[in-house]
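Encoded as structure tokens, the structure appears first; notes follow it.
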Amino acid sequence: MSPEERAFQEKIDAEIKIEPKNWMPEGYRRTLIRQISQHAHSEIVGMLPEKNWLTRAPNFKRKLQLLAKIQDEGGHGLYLYSAMETLGADRDEEVAKLHSGEVKYSSIFNYPALSWADMGTIGWLVDGAAIVNQVVLQRTSYGPYSRAMIRICKEESFHQRQGYQILLHMMQNGTDEQKAMVQDSINRFWWPAMMMFGPHDSDSPNSAQSMAWKIKRMSNDDLRQRFIDQTVPQLEFLGCTAPDPDLKWNETRGHYDFGEIDWTEFYDVVKGNGPCNRDRLRTRRKAIEEGTWVREAASAYAAKQKQKNAAA
Amino acid sequence: MSPEERAFQEKIDAEIKIEPKNWMPEGYRRTLIRQISQHAHSEIVGMLPEKNWLTRAPNFKRKLQLLAKIQDEGGHGLYLYSAMETLGADRDEEVAKLHSGEVKYSSIFNYPALSWADMGTIGWLVDGAAIVNQVVLQRTSYGPYSRAMIRICKEESFHQRQGYQILLHMMQNGTDEQKAMVQDSINRFWWPAMMMFGPHDSDSPNSAQSMAWKIKRMSNDDLRQRFIDQTVPQLEFLGCTAPDPDLKWNETRGHYDFGEIDWTEFYDVVKGNGPCNRDRLRTRRKAIEEGTWVREAASAYAAKQKQKNAAA
Amino acid sequence: MTQNQALFEYLLRLGDSDLILGQRLCELVGNAPALEEEMAIGNVALDLIGQARSWMTLAAEVASAAEIEGAGRSADDLAFTRDERAYRNLLIVEQANGNFADTMARQYLFDVWHFHLLSALSGSADERIAAIAAKGLKEVIYHLRRSSAWIKRLGDGTEESHAKMQDAIDEIWTYSGEMFIADEVDSLLADAGIGADLNQLRSLWQADVQALLAEATLNCPSMDEYMQRGSKQGLHTEQLGFLLAEMQFLPRAYPGASW
Amino acid sequence: MTQNQALFEYLLRLGDSDLILGQRLCELVGNAPALEEEMAIGNVALDLIGQARSWMTLAAEVASAAEIEGAGRSADDLAFTRDERAYRNLLIVEQANGNFADTMARQYLFDVWHFHLLSALSGSADERIAAIAAKGLKEVIYHLRRSSAWIKRLGDGTEESHAKMQDAIDEIWTYSGEMFIADEVDSLLADAGIGADLNQLRSLWQADVQALLAEATLNCPSMDEYMQRGSKQGLHTEQLGFLLAEMQFLPRAYPGASW
């Protein structure tokens with residue numbers, strides 16, 4: 001280990017944040033760029049399933065809420081891209097990697113939003129799972145990322161409560177059709193939400209280094225368990241069930257036991273075979289491609305203005 | 001008058017049809033090409049207001065009826081283009097004139113279809129007015145045009161009855177909302193339908209020559225009167241009213257009197273300022289432009305096949 | 001027509017235009033030329049739908065208090081169960097998004113009108129209207145600044161963007177005149193000091209638009225061109241029906257359900 | 001599951017796929033590359049919607065006679081008031097029209113399947129099904145002839161059309177595998193001689209498609225590629241909801257009204 005490397009690791013161990021101008025190992029930088037960019041892409045792609053119901057939201061309150069949530073996600077994306085740029089990465093280049101399929105985003109957004117109840121479930125389960133991840137990441141070792149997480153966590157908690165409220169309202173004040181809609185939505189999103197924490201620790205080869213660098217601070221399986229433990233009481237309060245016959249409280253462990261995830265599905269979706277992978281990427285690519293002439297015009301205009309100002 | 005011209009006029013006067021290979025004056029040919037092409041364009045553009053409700057038709061029966069009607073109109077268009085081509089005109093050239101705005105189509109199709117009741121009203125009033133015109137045109141002097149009219153009239157009468165049935169069903173079995181929808185639709189289409197017969201005879205300078213050539217066989221005002229006389233009893237049977245306070249039976253004339261048409265509106269729409277003129281032409285132009293590569297492919301394929309067959 | 005009837009109608013017009021334009025902008029989420037633009041479009045949509053809600057809430061109150069047509073309906077009822085022919089939004093806002101120049105041309109011409117309208121209504125004799133207008137005005141100032149900037153960027157950007165922007169202005173222009181056509185409702189409320197004077201608005205709008213288009217190196221069509229109209233009688237273009245079918249789907253499919 | 005329950009479900013699947021593809025084709029009226037094509041597309045739509053009506057009418061009869069779920073609903077009720085999650089059409093037919101190559105790729109892959117399916121069902125032990133299938137088959141022979149011709153024309157046309165056609169096939173391919181995935185309903189009815197054997201259909205389909213794509217100078221993707229599925233459980237792509245919102249608007253907006 002070089003002296004620089006040693007000093008770096010000592011800072012990490014002492015819980016001192018690494019800042020953009022500090023020396024850092026190339027691997028640390030690369031890992032962070034990959035992780036933050038994936039996180040940013042996920043925020044951006046994550047707007048799309050919700051957009052799908054934005055134009056069909058059933059009343060003013062829900063429409064405004066949903067739009068505000070989507071806007072927050074866009075904001076998170078921009079904020080995370082900025083954190084990523086402090087590591088010397090270029091946003092356009094990273095977005096190009098997203099569009100070419102070289103870099104991924106959270107697989108959860110490759111599942112379709114098929115009913116209004118999904119707007120509740122996505123807030124409750126998907127944002128809920130994300131928060132469990134992000135709460136821990138508030139203590140991540142890279143300063144800008146850590147600060148982004150603190151800010152993002154606050155808004156995500158708000159979204160999660162809002163999502164839960166959507167479902168609760170339908171369960172408590174809804175018709176039978178609405179209640180069935182909620183249960184169906186939970187059935188569809190339950191397992192994909194569980195998968196959001198990634199493979200088993202034993203199948204997650206990069207995790208050890210990330211833990212040592214304190215980029216990651218808790219293992220996939222531990223995070224998943226935490227999420228399940230906090231989610232099941234909420235599920236019961238809703239009056240709904242999970243599509244998992246093995247789910248039950250384990251007095252000895254002090255945790256919920258749960259069934260095995262279908263890892264074939266997980267890897268299928270990661271590989272690009274989820275129901276919406278192609279749609280999501282096509283939508284993002286189309287937006288950027290069709291906007292080329294607009295961005296060119298903005299640059300040309302800015303150049304002209306600069307010239308005018310210089311001449312004046 | 002040249003001998004040819006005299007022989008031509010004698011045939012006309014003797015009610016002998018002019019056929020494609022017969023000699024005819026240039027003016028006769030030009031007038032016919034213009035009239036038949038306008039008629040064909042009207043069939044094609046006339047599909048669009050109905051298409052607007054095709055994807056929203058309320059049940060199987062109405063959806064199938066409406067689609068069949070639209071298909072018939074397309075068929076009429078093709079049939080009329082063929083009649084036009086017997087005069088030496090080229091379909092693509094004439095369609096290009098439509099797209100450039102040089103040649104018109106019936107102004108009625110520049111009014112929007114805003115409710116399902118319009119599918120009834122368009123059938124009843126618009127096709128009804130068209131039929132009054134076309135029944136007379138069955139006796140037009142040019143053979144192919146006359147024969148096209150005979151065929152088209154049959155189908156149009158069917159459409160008209162179908163349209164009337166749509167309205168009658170809504171008036172007799174409908175809710176108050178549906179009845180209001182019917183009356184509103186009639187209010188919107190009444191005057192535009194009256195305008196379908198063109199300006200007053202006194203303002204229709206080309207009519208005299210067309211009458212002599214027996215291309216036209218009844219004057220605009222006479223046709224309009226015939227239409228009103230047959231339509232008002234149907235309107236009363238529906239239990240609806242016309243938006244014309246001057247409409248009333250004139251015992252002396254043996255005809256209905258009716259109010260003065262708003263000719264400013266008529267000429268505005270003819271000039272391209274109707275609510276849908278631009279939309280209609282844009283739709284037609286877009287279809288042809290976006291289909292360029294398809295037509296090129298079809299030609300290329302046909303050429304290749306020809307070559308292969310020649311080689312074999 | 002009573003003043004309350006006129007007021008109800010006036011509030012619907014305000015609310016409907018905001019809502020329909022907001023809905024059109026919602027369609028653009030995930031489909032803008034840059035993320036920052038997507039965010040900006042979303043913000044404008046959020047403002048407009050919020051304003052629509054305020055206007056329709058007041059409309060519902062007015063109707064119920066005066067026991068006129070529309071009484072007993074909530075803002076949500078007004079927005080999500082009224083038919084196309086009962087909708088009162090300006091024709092300009094229901095036009096499809098088209099390309100980014102089309103979107104911006106529609107937005108700019110509306111924003112200039114909206115700005116002057118809310119400026120006028122901020123001084124309305126009806127304090128409820130004045131309050132909603134004053135709050136909305138702050139938002140619209142930002143909308144207008146942004147759409148003005150894009151008209152200039154695209155108009156005076158590249159050859160391609162200039163051509164697209166000019167086409168967009170020329171295409172949408174025919175729907176601009178309607179913003180200034182006053183009817184009985186407008187006159188009654190303008191006379192009462194409650195509504196805006198549309199003639200005055202017209203002059204203000206014309207001056208602003210002509211100046212900005214000139215700055216953007218764009219040709220400004222004439223105010224005397226033929227202008228489409230009809231929204232005050234609920235006579236819309238064929239585009240609105242499809243928009244409403246989508247927007248109103250849930251309340252229509254589950255009548256009476258609470259969400 | 002009783003045989004009648006299976007039959008009801010089976011008929012819905014047949015009817016829904018026909019109806020949704022017919023609806024997609026309706027969208028193309030006024031929007032095809034030539035008038036003759038517009039007419040041809042309209043004719044195919046007319047056939048498909050007519051077949052959908054026959055299947056759903058029979059489904060309604062079966063449900064009412066057997067007093068199972070769905071009893072008392074007419075064919076129109078089934079088509080115009082069922083929700084997205086209750087719709088059983090194949091995912092391939094709900095995909096957007098795209099360009100003409102996309103439209104034709106979707107149509108051709110469906111037509112080949114539809115042809116072999118109706119051929120099989122023409123010999124169904126259920127005479128009602130055999131009759132509808134035999135009538136439909138005559139129409140589908142024409143559909144298939146036409147879409148085959150276009151695959152060849154575009155595949156072996158110009159460079160541009162070849163590239164577009166290949167893209168179209170590659171894009172839609174992932175939705176083709178679902179046509180051959182049998183579940184309990186399929187097995188039960190195939191065993192009873194009522195439904196079609198999907199394995200057999202798969203071989204016939206594969207042979208036809210491979211041969212035609214080769215003739216059209218197009219690359220045929222592998223049958224082993226990852227295939228999307230879900231329609232038999234009503235798990236659709238996000239496109240269907242919008243299509244239904246439009247198609248069902250009137251019956252939803254005016255519940256109980258007769259048209």
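Side chains are part of it too, since the values below use all heavy atoms of this structure and drop only hydrogens, waters and symmetry mates.
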Practice task
Mind ranking A:Arg284, A:Gln305, A:Glu290, A:Glu50 by heavy-atom pairs under 4.5 Å with chain C and telling me who comes out on top?
Solution key: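 Max contact count across the listed options: A:Arg284.
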Problem - Winner by heavy-atom pair count (cut-off under 4.5 Å) against chain C, out of A:Gly120, A:Pro58, A:Ala300, A:Ala297 - result: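 Counting heavy-atom pairs under 4.5 Å, the top option is A:Pro58.
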What part of [X] gets within 4.5 angstrom of chain A, counting heavy atoms only: side chain, backbone, both, or neither?
X        : value
C:Ala75  : both
C:Met56  : side chain
C:Phe100 : both
C:Ala149 : neither

Practice task
Could you tell me whether A:Arg282 and A:Asp279 have a side-chain N and a carboxylate O separated by less than 4.0 Å?
Solution key: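 Salt bridge flag = yes for A:Asp279 with A:Arg282.
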Handout entry: N-O pairing of C:Asp102 and C:Arg106 below 4.0 Å
Key =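 No salt bridge links C:Asp102 with C:Arg106.
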Option in [options] with maximal non-hydrogen atom pairs under 4.5 Å from chain A:
options                               : result
C:Leu243, C:Asn99, C:Ile49, C:Asp77   : C:Ile49
C:Leu19, C:Val29, C:Leu154            : C:Val29
C:Gln248, C:Glu37, C:Met247, C:Glu159 : C:Met247

Handout entry: Side-chain (A:Trp53) to main-chain (A:Ala113) donor-acceptor, under 3.5 angstrom
Key =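 Side chain of A:Trp53 to backbone of A:Ala113, a donor-acceptor pair under 3.5 Å: yes, one is there.
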Exercise for the section: Would you please say whether a donor-acceptor pair under 3.5 Å links the side chains of C:Asn43 and C:Arg146? Expected result: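 No donor-acceptor contact under 3.5 Å links the two side chains.
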Problem - Pair C:His162, C:Asp156: side-chain N/O donor-acceptor within cut-off below 3.5 Å - result: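 Distance-only check fails for C:His162 and C:Asp156.
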Exercise for the section: Test side-chain contact (heavy atoms from CB on, under 4.5 Å) on C:Tyr108 and C:Trp150 and set out the steps. Expected result: CA-CA 9 Å; C:Tyr108 171 67; C:Trp150 273 112; over 6 Å; no
